[in-house]
Amino acid sequence: MNDYEDPIYEEELERIETLPEVFSSGEWTQDDLEWIIKWKVGTAFEKPTLRHIRSNSDEQIRRAIETAVNARAVGEKVNALTSIKGVGVPVASAILLFINPDRYTVIDVRAWGALYEMGYVDRELSDDPTIEEYLLYLGACWTLANEYDVSLRTLDMALWALGGED
């Protein structure tokens, strides 16, 4: 079975289609958010990450996501999301992907490594990625996506494949 036959990939495609409108309308649920987190962190880190996130109040999470949906500046969006206990920049970038997949992509060590090897970023990714690193990463991804006339999602999958082993 290849990645494109993987059930999680099929669900990812469906959610990339449906979640932007759900976030835009404010109709997202805790289950939507938890699915994104599980998708990003994988099963090894799912339980501790969800435990931290569930320690936030529903109102705090809702305010942070509403700010991320409505803010103009990328840094403000990421800052709002990382104000949720348990959400670091990588998870924030995953949430942004599902808020607007045409504009945002997920920061990933493998994809970053490919960008570094090609000279699109000038340093290795830190162990705890910062908002500044995400902005650098996103800018490089926008540049490449425009240069090759591909979607950010297509670029992300290509960079991930080029990045080799974790």
Side-chain angles (χ1 to χ4, degrees), residues 2-28 32-42 45 49 64-82 84 87-166:
N2 65 40
D3 290 341
Y4 303 106
E5 295 170 349
D6 186 353
I8 193 82
Y9 179 73
E10 293 297 322
E11 189 169 4
E12 173 188 327
L13 292 177
E14 177 185 326
R15 289 185 181 254
I16 281 178
E17 289 292 318
T18 60
L19 284 179
E21 177 57 36
V22 171
F23 278 112
S24 178
S25 68
E27 298 297 318
W28 61 275
D32 294 324
L33 181 61
E34 290 186 8
W35 183 89
I36 294 168
I37 291 159
K38 290 174 188 178
W39 174 84
K40 175 60 179 151
V41 302
F45 300 103
T49 302
I65 290 180
E66 184 178 317
T67 298
V69 168
N70 295 312
R72 290 184 185 259
V74 178
E76 186 179 348
K77 291 173 179 292
V78 177
N79 194 49
L81 293 170
T82 58
I84 300 169
V87 173
V89 170
V91 170
S93 72
I95 296 167
L96 287 176
L97 165 69
F98 290 96
I99 288 174
N100 187 344
D102 295 330
R103 188 83 180 126
Y104 304 104
T105 191
V106 181
I107 194 169
D108 174 85
V109 67
R110 284 175 62 151
W112 181 286
L115 289 174
Y116 178 69
E117 289 296 317
M118 293 184 296
Y120 283 92
V121 293
D122 62 356
R123 60 182 173 250
E124 292 187 14
L125 184 63
S126 67
D127 290 339
D128 188 14
T130 65
I131 293 173
E132 176 187 84
E133 286 174 316
Y134 182 63
L135 294 174
L136 179 65
Y137 178 81
L138 189 58
C141 289
W142 286 339
T143 297
L144 276 168
N146 286 330
E147 183 176 332
Y148 291 100
D149 195 27
V150 296
S151 71
L152 284 171
R153 196 70 199 122
T154 298
L155 177 68
D156 177 65
M157 290 186 289
L159 290 172
W160 189 84
L162 285 171
E165 296 297 318
D166 289 335

So which heavy atom on [X] is nearest to which on [Y], and how close?
X      : Y      : value
Ile131 : Gly75  : CG2-CA, 4.0 Å
Ala114 : Leu162 : CB-CB, 3.9 Å
Leu81  : Ala92  : CD1-O, 3.6 Å
Ala94  : Trp39  : CB-CZ3, 3.9 Å
Val89  : Thr82  : N-CG2, 3.8 Å
Leu115 : Ala140 : CD1-CB, 4.1 Å

Is the backbone of [Y] close enough, under 3.5 Å, to the side chain of [X] for a donor and an acceptor to pair up by distance?
X      : Y      : result
Ser25  : Glu21  : yes
Ser93  : Ile107 : yes
Asn70  : Glu66  : yes
Asp156 : Leu152 : no

Within this structure, what is the [atom1]-[atom2] distance for the pair [X] and [Y], rounded to the nearest 0.5 Å?
X      : Y      : atom1 : atom2 : value
Phe23  : Thr18  : CZ    : OG1   : 9.5 Å
Lys77  : Tyr104 : NZ    : OH    : 4.0 Å
Leu136 : Cys141 : CG    : SG    : 9.5 Å
Leu97  : Lys40  : CG    : NZ    : 10.0 Å
Glu117 : Glu124 : CD    : CD    : 8.0 Å
Ile65  : Leu33  : CD1   : CG    : 4.5 Å

For Trp28, side-chain hydrogen bond (donor to acceptor under 3.5 Å, both in side chains) partners two or more places apart: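 For Trp28, no residue satisfies side-chain hydrogen bond (donor to acceptor under 3.5 Å, both in side chains) once neighbours in sequence are set aside.
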
Can you find a pair of side-chain heavy atoms, one from Leu155 and one from Tyr148, that are under 4.5 Å apart?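 Side chain of Leu155 against side chain of Tyr148, heavy atoms only: no contact under 4.5 Å found.
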
Given side chains that start at C-beta, do those of Arg15 and Asp32 come closer than 4.5 Å, heavy atoms only?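 Yes; the side chains approach each other to less than 4.5 Å.
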
Audit row: Leu96, Tyr134, side-chain contact (heavy atoms from CB on, under 4.5 Å) steps and yes/no: CA-CA 11 Å; Leu96 287 176; Tyr134 182 63; 4.1 Å; yes

From CA spacing to verdict: side-chain contact (heavy atoms from CB on, under 4.5 Å), Leu19, Val22: CA-CA 5 Å; Leu19 284 179; Val22 171; 4.2 Å; yes

Intermediate values then yes/no, side-chain contact (heavy atoms from CB on, under 4.5 Å), Leu125 and Tyr116: CA-CA 9 Å; Leu125 184 63; Tyr116 178 69; over 6 Å; no

Would you say the side chains of Trp35 and Glu11 form a donor-acceptor pair under 3.5 Å?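 Yes - a donor-acceptor pair under 3.5 Å links their side chains.
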
Aromatic Trp112 / basic Arg123 pairing, under 6.0 angstrom, 45° off normal: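 Negative - Arg123 is either too far from the ring of Trp112 or too far off its axis.
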
